[in-house]
Structure formats: structure tokens, C-alpha cells
Amino acid sequence: MPKAVWNDLLIAESNDTVLVEGNHYFPRSTLRDDLIRESDTQTVCPWKGTASYYTLEHNGQISPDAVWYYPIPGPKAGMVRDRVAFSDDVQVID
């Protein structure tokens with residue numbers, strides 16, 4: 001089962017991930033809410049749409065914009081709706 005680990009903490013785990021452009025997109029419901037806070041950062045992907053971000057924070061350790069998601073995915077990116085992916089700060093283990 002794919003797992004997302006940050007600083008030895010399991011932050012998401014699911015058998016229902018979607019692989020897009022080399023990134024596992026986990027169901028948003030599997031992400032630990034106690035470790036995230038909203039970020040003001042946004043980026044644009046030509047086909048997935050506008051990405052929003054969460055910052056990871058725990059015991060004084062911070063990883064800015066380590067989690068991203070597409071609140072309103074583009075027409076060809078429905079597979080990432082209600083899912084999150086992670087920066088290189090997060091280790092995804094298949």
C-alpha cells in the first residue's frame with residue numbers, strides 16, 4: 001500500500017492512489033489534518049489547472065508548500081479531483 005512519510009511520520013496511506021506525471025495522488029481524506037496548514041501559494045499547470053498548497057508542520061519542523069492539490073482540476077485532469085500529491089520533502093513508498 002503506498003504511504004507518504006515526512007520526518008518519520010506517516011502522513012497519508014492508501015491503496016487508491018493515482019499516478020500522474022510521476023507523482024502519487026492520494027485521496028485527500030487520507031491526509032493527516034493535524035500536520036497541515038493552508039498556504040497562500042498557487043501555481044498553474046496548463047492541463048491540470050491552478051494548484052493550491054498546504055505546508056507541513058510538526059514539533060517545530062516546517063516544510064512549506066509540501067502538499068499540493070487542484071481544487072478545480074482542468075477538464076482532462078478529473079483523476080486528481082479530491083487528491084493530494086507531495087514535494088520531494090515527503091517520501092512516497094510504494
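Just so it is clear, the structure is predicted and the values come from calculations on it, not from any experiment.
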For the residue pair [X] and [Y], what are the closest heavy atoms and their distance?
X: Ala66; Y: Leu56; value: CB-CD1, 3.7 Å
X: Ile11; Y: Val5; value: CG1-N, 4.4 Å
X: Phe26; Y: Pro2; value: CE2-O, 3.5 Å
X: Arg32; Y: Leu10; value: CD-O, 3.1 Å
X: Thr55; Y: Asp65; value: OG1-N, 3.1 Å
X: Ile62; Y: Trp6; value: C-CZ2, 4.2 Å

Query raised in the report: Would you say Ile36 and Val92 are hydrophobically clustered, going by side-chain heavy atoms of ILVMFWY under 4.5 Å?
Result: yes
Query raised in the report: Are Trp47 and Tyr25 connected in the hydrophobic side-chain network, where two residues link if heavy atoms are under 4.5 Å apart?
Result: yes
Query raised in the report: For the atom pair NZ (Lys3) and OG1 (Thr30), what is the distance rounded to the nearest 0.5 Å?
Result: 12.5 Å
Report summary line: Separation between OG1 (Thr17) and CG (Asp94), nearest 0.5 Å, reads 7.0 Å
**Report entry** Exercise: do Tyr70 and Ser52 side chains pair donor with acceptor under 3.5 Å
**Finding:** no
Query - Modelled atom types, side-chain donor and acceptor of His58 and Asp34, under 3.5 Å - result: no
Query raised in the report: After noting the C-alpha distance and the side-chain angles of Glu57 and Leu35, does the key distance pass the side-chain contact (heavy atoms from CB on, under 4.5 Å) rule?
Result: CA-CA 5 Å; Glu57 190 169 347; Leu35 300 176; over 6 Å; no
Requested in this report: Under the side chain to side chain donor-acceptor pair (under 3.5 Å) rule, collect the residues that match up with Gln91, sequence neighbours excluded.
Outcome: none
Report summary line: side chain to side chain donor-acceptor pair (under 3.5 Å) filter on Asp40, not counting sequence neighbours, yields none
Query raised in the report: What residue pairs, at least two apart or across chains, pass side-chain hydrogen bond (donor to acceptor under 3.5 Å, both in side chains) with a residue in residues 72-87?
Result: Asp16-Arg83
Report task. Kindly assign one of parallel, tilted or perpendicular to the pair Trp68 and Tyr53, based on the angle between their ring planes and the thresholds 30° and 60°. Result -> tilted
Query - Whichever hydrophobic residues join Met1 through chains of side-chain contacts under 4.5 Å - result: none
Query - Side-chain touch Met79/Val20, heavy atoms, less than 4.5 angstrom - result: yes
Report task. Under the salt bridge (Lys or Arg N to Asp or Glu O under 4.0 Å) rule, collect the residues that match up with Asp33, sequence neighbours excluded. Result -> Arg28
Query - Counterpart residues, salt bridge (Lys or Arg N to Asp or Glu O under 4.0 Å), relative to Glu21 (two or more places apart) - result: Lys48
Requested in this report: Indicate yes or no for a side-chain donor-acceptor contact from Ser39 to the backbone of Tyr54 under 3.5 Å, with no hydrogens or angles considered.
Outcome: no
